[in-house]
Amino acid sequence: MSAGAKQYKAIGDDIWKRTDKVNAELFTLTYGALVVQLIKDYEDYGEVNKQLEKMGYNIGTRLIEDFLARTGLQRCQSFAETAEVISKVAFRTFLGISPSLSFPPPSNSQQPASNLPQPNEFILTFDENPLAEFAELPRDAREGGLWFSNVLCGVVRGALEMIQMQVETRFLSDVLRGDDSTEMYVRLVRILEEEQPENDE
């Protein structure tokens, strides 16, 4: 673990110790009830995935302000550093977990965009997922393509967009679907321009 990663892990652990906690079982069961209600309302797992991601996006756009206020962290200097902060500080701050971080090797078919920092993608591997603690997906949900924790993809996308990073997020695998691990893929699409308010000189 690099010195920066150790520093971020320490920040995440410190904030977690000082954070008021919500009953984990209540949180998990409430989230599960939300997913069940969405399934009943939409009767289409693809649409449920979209709604979970949309909810997460809205949460992420607001959560970033709280995160920055709690941590006092400055703007990251690279996308790799952003990935470290998400893994070691953000998930630890709000969910009490620290997913492991890896950077996939660039494929030959991908032409790196000259204006994007490298690496421009990462994978978070969750050893534990509080959202899925008591969950079990029925066969039709697994076969229908439900990503039970898709709200997390939206949170990451929404939070990063508020700090001028447009990203693509998706789950690659989920233990609830019978996979060996739960992995989230995040790819930087582009750096957004900061918009100047109208009439601002």
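Please read all numbers here as calculations on a predicted model, not as lab measurements. The figures here come from the full heavy-atom set of this structure, side chains too, leaving out hydrogens, waters and symmetry mates.
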Using modelled atom types and a 3.5 Å cut-off, is there a donor and acceptor pairing between side-chain atoms of [X] and backbone atoms of [Y]?
X	Y	answer
Ser181	Glu183	no
Asp179	Asp174	yes
Ser87	Glu84	no
Gln77	Arg75	yes
Asn49	Gly145	yes

*Indicate, with yes or no, if Leu52 and Val175 share a hydrophobic cluster defined by side-chain heavy-atom contacts under 4.5 Å among Ile, Leu, Val, Met, Phe, Trp and Tyr.*
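No: no chain of side-chain contacts under 4.5 Å links Val175 to Leu52.
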*asked:* Between Val36 and Met55, is there shared hydrophobic-cluster membership here, with clusters defined by ILVMFWY side-chain heavy atoms closer than 4.5 Å?
replied: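 They do not share one cluster, since no chain of ILVMFWY contacts under 4.5 Å joins Val36 to Met55.
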_Full working for side chain to side chain contact (heavy atoms under 4.5 Å, CB included) between Ile39 and Leu146_ = CA-CA 9 Å; Ile39 292 169; Leu146 178 66; 4.0 Å; yes
Do [X] and [Y] have side chains that approach each other closer than 4.5 Å (heavy atoms only, starting at C-beta)?
X	Y	result
Pro99	Asp127	no
Glu53	Val151	no
Glu121	Tyr185	yes
Ile86	Leu160	yes
Phe67	Val85	yes
Thr125	Thr182	no
Ser98	Phe91	no
Phe27	Leu95	yes

*Consider only side-chain N and O atoms of Tyr57 and Glu161, and report whether a donor and an acceptor are under 3.5 Å apart.*
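Result is yes, a qualifying pair exists.
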*Side chains of Ser149 and Asn129, donor plus acceptor under 3.5 Å*: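 Yes, Asn129 and Ser149 have a side-chain donor paired with an acceptor closer than 3.5 Å.
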_Taking side chain to side chain contact (heavy atoms under 4.5 Å, CB included) as the definition, give me every residue that meets it alongside Asp41, ordered by chain and number, with sequence neighbours left out._
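With neighbours one apart ignored, the set is Gln37.
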_Using the side chain to side chain contact (heavy atoms under 4.5 Å, CB included) criterion, which residues pair with Phe134? Sequence neighbours excluded._
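Partners of Phe134 under the side chain to side chain contact (heavy atoms under 4.5 Å, CB included) test: Glu25, Thr28, Leu29.
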With rounding to the nearest 0.5 angstrom, report the [atom1] to [atom2] distance, [X] to [Y].
X	Y	atom1	atom2	answer
Glu168	Arg187	CD	CZ	4.5 Å
Asp140	Leu137	CG	CG	9.5 Å
Leu172	Trp147	CG	CH2	7.0 Å
Thr61	Arg157	OG1	CZ	9.5 Å
Ile123	Ser173	CD1	OG	8.5 Å
Glu133	Glu128	CD	CD	7.5 Å

_Stepwise side chain to side chain contact (heavy atoms under 4.5 Å, CB included) check, Met184 with Phe126_ = CA-CA 8 Å; Met184 179 194 295; Phe126 297 83; 3.9 Å; yes
*Glu43 and Lys40: which non-hydrogen atoms are nearest, and at how many Å?*
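Smallest interatomic distance, heavy atoms only, reads CG-O, 3.5 Å.
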*Where Thr169 and Gly154 come nearest, the two heavy atoms and their spacing*: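 Heavy-atom minimum between the residues: OG1-N, 4.5 Å.
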*asked:* Please determine whether the number of non-hydrogen atoms from other residues, nucleotides or ligands lying under 6.0 Å from atom CG of Asp180 exceeds 12.
replied: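 At most 12 heavy atoms, drawn from other residues, nucleotides or ligands, come within 6.0 Å of this atom.
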*asked:* Set out, in order, the CA-CA distance, both residues' side-chain angles and the distance that settles side chain to side chain contact (heavy atoms under 4.5 Å, CB included) for Leu124 and Ser100, then state yes or no.
replied: CA-CA 6 Å; Leu124 296 170; Ser100 58; over 6 Å; no
*asked:* Taking the basic N atoms (NZ, or NE/NH1/NH2) and the acidic carboxylate oxygens, is any pair closer than 4.0 Å for Arg62 and Asp66?
replied: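 Between Asp66 and Arg62 there is no salt bridge, as every charged N stays at least 4.0 Å from the carboxylate O atoms.
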*Assess the pair Phe122 and Phe79: is the distance between their ring centroids shorter than 6.0 Å?*
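Under 6.0 Å, so yes.
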*Between Tyr31 and Phe148, does the ring centre distance come in under 6.0 Å?*
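Yes, close enough.
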*Run the numbers on Met165 and Thr82 for side chain to side chain contact (heavy atoms under 4.5 Å, CB included), then give the verdict.*
CA-CA 10 Å; Met165 292 184 191; Thr82 301; 3.4 Å; yes
_Tell me which one of Leu192, Leu68, Ile64, Leu63 satisfies side-chain contact (heavy atoms from CB on, under 4.5 Å) with Met162._
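With Met162 as partner, side-chain contact (heavy atoms from CB on, under 4.5 Å) holds for just one option, Ile64.
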